[in-house]
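We name chains A, B, ... by the order of the sequence lines, and we start the count at 1 in each one. This is a predicted model, so every value here is computed, not measured. Only heavy atoms go into these numbers, but all of them, side chains included; no hydrogens, no water, no symmetry mates.
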Amino acid sequence: MDESQLIARVRAGDSTAERALYNAHVDRVYRLAFRLAGDDALAQDFTQETFIRAFDRLDSFRGDAAFSTWLHTITTTVVLNGLRKVKRFRQREADIDDARDIGVMHRHAEPDLKVRLKKAIAELPEGYRTVFLMHDVEGFTHEEIGAALGVETGTSKAQLSRARAKLRVALADFAGEWTT
Amino acid sequence: MTDQHDDPKFEAWLSERAKSYHSPLPTPRDEMWARIAAERQRRAGRVIELRPWMRWGLAAAAVLALGIGIGRWTSHPIAPGSGGTPVASAGSTAPSSDSAQAQSDLVYQVAATQYLTHTEAFLTSFRADIGSHGSANSVRFARQARDLLSMTRLMLDSPAAQDRQLRALLEDLELVLVQISQLDSSHDGPNHDTDLITQGMNQSNVLPKLRSAIPAGPVPVRTEGAL
């Protein structure tokens, strides 16, 4: 069943279809919310709110763009408004990573770099930070970012370039790592 | 976009480090879905908050009902020697008396329907949500219960309570609302008090009785043309 059929079934009140639509998109929504919020509890809250709004407003989805684009627009709106409201993005707990990463086998950034990187990303202007996290970390294209944030593709590219430039300055102490 | 800051080595390094510094956990799909379903259900059956204008509206409807009721009683002439039994008045006054009676009944109907609808929505939400959102929820429910309790007592003191079935229902509701109004902010999630309240509600079948007392159809339909 393709996505438009699934959406039609959700509109008709099919709860199984709702769950299928949720399953198809929840990972990316949650990852995006997590990256932007920097906090698992907030990411879960924002993900839930995103899907609640999406199901409530599904009738307004006209299908001009991909459903994922529409959903990511809701996600970024929910997350950015939520972050502004609670102002928690400046209060992330420094030890979340350590607690989470116990027993996880993947490469970690070095502790000092991790702290500096987190601080540097957090200090980026909101627009730069959002584009950087969506593009360089979560792999969204500039077209997807532009659609989700309601900006031109060129604006997204420009903001990414400026974000990288700022991060490069902020992380200059680690220049040896990327030049070698 | 290319500019003087482009540096593929730096970008690759930055991307790799940024991905690893704060990786999301596996998506808690089932937990989030359960909460989404619960929250959607809660919002669908959300209590109609008694905003100030609604309280005034309800109070005005109740006062109007009481005023008309009192007016009806005091304006009926009691014939001497009739032992309090009203004597049929002249034929020319009968239609206006019937009209006043009909108007009075409609006002009672509007006030009672609005009251019962709000109370049913409130108790449904209470039973579904009392375990969530912690003490803030208790405070909200207690506040709303106090508002509804005032209305319940007004209804009990009004001629509407002359109906035996409605009076019994109002007395049951009064008991439940008193208990809820006494929940305080120290309550945080399901506990013995709320269990007792919900058990009492179940044993007295107060919600089914309440629902059966509410005329069918949405509120605007139930009261359409009444005033």
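The backbone N or O of B/K19 lies less than 3.5 Å from a partner atom in the side chain of A/R35, making a donor-acceptor pair.
For the pair B/W13 and A/L171, the tightest heavy-atom approach, listed with the atom from each and the gap, is CZ3-CD1, 4.0 Å.
In this structure, chain B has heavy atoms under 4.5 Å from both the backbone and the side chain of A/E18.
Using non-hydrogen atoms only and a strict 4.5 Å limit, the part of residues 27-37 of chain B facing chain A consists of B/T27, B/P28, B/R29, B/D30, B/M32, B/W33, B/R35, B/I36.
Looking only at heavy-atom pairs under 4.5 Å with chain B, the residue among A/E138, A/Q44, A/E49, A/H135 that has the most is A/Q44. Most heavy-atom pairs under 4.5 Å with chain B: of the set A/F174, A/F55, A/F132, this distinction falls to A/F55. For chain B, the option among A/V26, A/V29, A/I52 with the highest count of heavy-atom pairs below 4.5 Å is A/I52.
Here the straight-line distance linking atom CG of A/L160 with atom CD of B/E11 works out to 7.5 Å at 0.5 Å rounding. To the nearest 0.5 angstrom, B/D7 atom CG is 4.0 Å from A/R168 atom CZ.
Environment of CD in A/Q5: crowded, with over 12 heavy atoms of neighbouring residues, nucleotides or ligands closer than 6.0 Å. For A/E152, the CD atom counts as loosely surrounded, since its 6.0 Å shell holds 12 or fewer non-hydrogen atoms of other residues, nucleotides or ligands.
Within the 4.5 Å cutoff, side-chain heavy atoms of B/L25 are placed close to those of A/Y30.
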